[in-house]
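Taking it in order: structure first as structure tokens, then the write-up.
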Amino acid sequence: KKRHKSDKEEKKKKKRSKKEKKAKKKKAKKKKSAAVDQSEFGKYGILREADLFRKRDEFETWVREVKRREPNDLSKFETKELFATYAEDYNTATLPALKYYDLARDDDDAAQRPPPPKAVDFKEDDEAKLNRERRQDRDRAERQAAYEDARRLLTHDKDERDRLRQLDMLRAQRTQALKRGDDTDRIDRQIVALLPKEESDANIPPPAFS
């Protein structure tokens with residue numbers, strides 16, 4: 001009976017020892033993983049909100065190829081949110097390709113790609129060429145203006161960003177209320193209260209009609 005009890009205790013002791021070894025191994029692995037992640041942080045530099053304009057080309061490429069979105073179709077708020085995600089992956093060196101860090105440093109990859117087929121040289125008349133150049137200039141100016149607006153938005157303090165987010169939410173609620181035929185007086189007062197003083201009079205929402 002004593003021997004049976006001793007064997008049982010020995011088995012428990014071995015089982016406990018195995019659990020402790022497993023826990024230590026898991027802890028060491030976790031610690032090692034954290035160290036690797038920390039060493040990768042800032043490998044390609046550190047991006048902040050104000051760097052949106054400086055990294056415009058890389059950010060646009062990432063939005064098109066990774067997020068499958070067209071940068072010109074994004075709202076200011078969407079641009080800000082996507083750039084925050086891009087900056088986080090940039091700072092932790094987890095972007096999926098080198099070109100998203102710096103397009104100029106992607107030359108090695110480009111050299112390995114087959115050359116593009118030679119374009120057929122069609123002669124353009126002067127008027128068509130002028131129209132095309134004007135469209136390109138207009139598109140470039142619109143993109144520049146959109147990024148300038150986004151950069152100004154990113155420089156606002158947290159309270160200003162919260163105010164704009166709340167205004168968007170209230171305006172969406174007001175639209176839904178109007179569709180349902182509900183009274184919007186309370187929402188209208190909240191919207192006016194969030195508007196800057198100089199804009200309040202000019203931006204008071206029209207009254208809802210039942």
Side-chain angles (χ1 to χ4, degrees), residues 37 41 44-97 99-101 103 131-210:
D37 291 341
F41 186 84
Y44 298 98
I46 301 297
L47 284 191
R48 294 177 176 83
E49 290 181 348
D51 293 318
L52 171 62
F53 184 73
R54 182 173 63 84
K55 280 293 177 181
R56 179 183 65 187
D57 292 336
E58 289 80 1
F59 172 60
E60 277 191 345
T61 303
W62 175 82
V63 169
R64 287 194 182 96
E65 297 181 0
V66 177
K67 295 300 182 181
R68 305 294 182 185
R69 300 287 302 276
E70 178 55 45
N72 290 338
D73 295 337
L74 298 175
S75 67
K76 294 177 183 179
F77 181 74
E78 287 174 321
T79 299
K80 178 180 71 67
E81 292 295 314
L82 281 174
F83 186 77
T85 301
Y86 169 78
E88 182 180 355
D89 291 349
Y90 186 104
N91 295 340
T92 55
T94 53
L95 289 169
K99 60 184 173 182
Y100 303 130
Y101 298 99
L103 288 173
N131 289 336
R132 179 174 58 82
E133 290 175 350
R134 284 174 177 170
R135 281 197 307 272
Q136 290 175 346
D137 290 341
R138 185 172 62 252
D139 291 343
R140 194 177 299 112
E142 288 176 355
R143 286 177 56 196
Q144 181 79 14
Y147 268 94
E148 288 293 338
D149 288 344
R151 187 173 63 166
R152 282 194 292 270
L153 179 64
L154 288 173
T155 58
H156 288 347
D157 58 21
K158 184 176 182 300
D159 291 340
E160 178 64 10
R161 292 198 300 271
D162 289 344
R163 185 185 71 82
L164 293 175
R165 190 181 294 111
Q166 193 171 356
L167 268 175
D168 288 341
M169 182 181 69
L170 287 170
R171 284 167 177 158
Q173 290 177 359
R174 186 177 189 275
T175 300
Q176 293 300 318
L178 288 173
K179 288 179 180 179
R180 294 192 302 268
D182 295 343
D183 181 70
T184 62
D185 286 347
R186 181 179 60 83
I187 298 176
D188 291 344
R189 286 195 297 271
Q190 290 177 317
I191 290 175
V192 172
L194 286 171
L195 290 172
K197 189 175 181 181
E198 62 272 15
E199 296 180 17
S200 296
D201 294 336
N203 290 278
I204 295 177
F209 297 98
S210 56

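No hydrogens, no waters, no symmetry mates; every other heavy atom, side chains included, goes into these values. In this chain, residues are counted from 1 in sequence order.
- Distance check, rounded to the nearest 0.5 Å: CD of Gln176 to NZ of Lys179 gives 5.0 Å.
- Between Leu164 and Phe77 there is no side-chain heavy-atom pair separated by less than 4.5 Å.
- Taking all atoms of both residues into account, the shortest heavy-atom contact from Thr61 to Asp57 is OG1-O, 2.9 Å.
- The line from NZ of Lys67 to OG1 of Thr85 is 6.0 Å long, rounded to the nearest 0.5 Å.
- Asp162 and Arg165 are joined by a salt bridge, as a carboxylate oxygen and a charged side-chain nitrogen come within less than 4.0 angstrom of each other.
- Between Asn131 and Arg135, some side-chain heavy-atom pair lies under the 4.5 Å cut-off.
- Side-chain atoms of Asp89 never come within 3.5 Å of backbone atoms of Leu95 as a donor-acceptor pair (strictly under, hydrogens ignored).
- Relative orientation of the Tyr90 and Tyr101 rings is tilted, given thresholds of 30° and 60° on the angle between their planes.
- To the nearest 0.5 Å, atoms CZ (Arg69) and CH2 (Trp62) are separated by 10.5 Å.
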Quiz item: Is there a side chain to side chain contact (heavy atoms under 4.5 Å, CB included) between Arg132 and Gln136 once you walk through the steps?
Solution: CA-CA 6 Å; Arg132 179 174 58 82; Gln136 290 175 346; 3.4 Å; yes
Practice problem: Test side chain to side chain contact (heavy atoms under 4.5 Å, CB included) on Phe59 and Arg54 and set out the steps. | Solution: CA-CA 9 Å; Phe59 172 60; Arg54 182 173 63 84; over 6 Å; no
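- Of the possible polar contacts, one joining the Asp51 side chain to the Arg48 backbone as a donor-acceptor pair under 3.5 Å is found.
- At distances below 3.5 Å, not a single donor-acceptor pair connects side-chain atoms of Thr184 with backbone N or O atoms of Ile187.
- Contact between Leu167 and Leu195 at its shortest, heavy atoms only, is CD1-CD2, 4.1 Å.
- Put simply, CD on Glu88 and CZ on Phe83 are 12.5 Å apart, with the number rounded to the nearest 0.5 Å.
- Tyr86 and Glu58 are not linked by any side-chain donor-acceptor pair at a separation below 3.5 angstrom, with hydrogens and angles left out of the test.
- Salt bridge status for Asp137 with Arg134: absent, with no side-chain N to carboxylate O gap under 4.0 Å.
- Rounding to the nearest 0.5 angstrom, the gap separating the CD atom in Gln166 from the CG atom in Leu194 is 4.5 Å.
- Summarising the geometry, atom CZ belonging to Arg143 is positioned 5.5 Å from atom CZ belonging to Arg56; distances are rounded to the nearest 0.5 Å.
- Side-chain contact between Leu178 and Arg174 is present, with at least one heavy-atom pair separated by less than 4.5 Å.
- Residues Glu78 and Asp73 approach most closely at OE1-O, 4.3 Å, considering heavy atoms.
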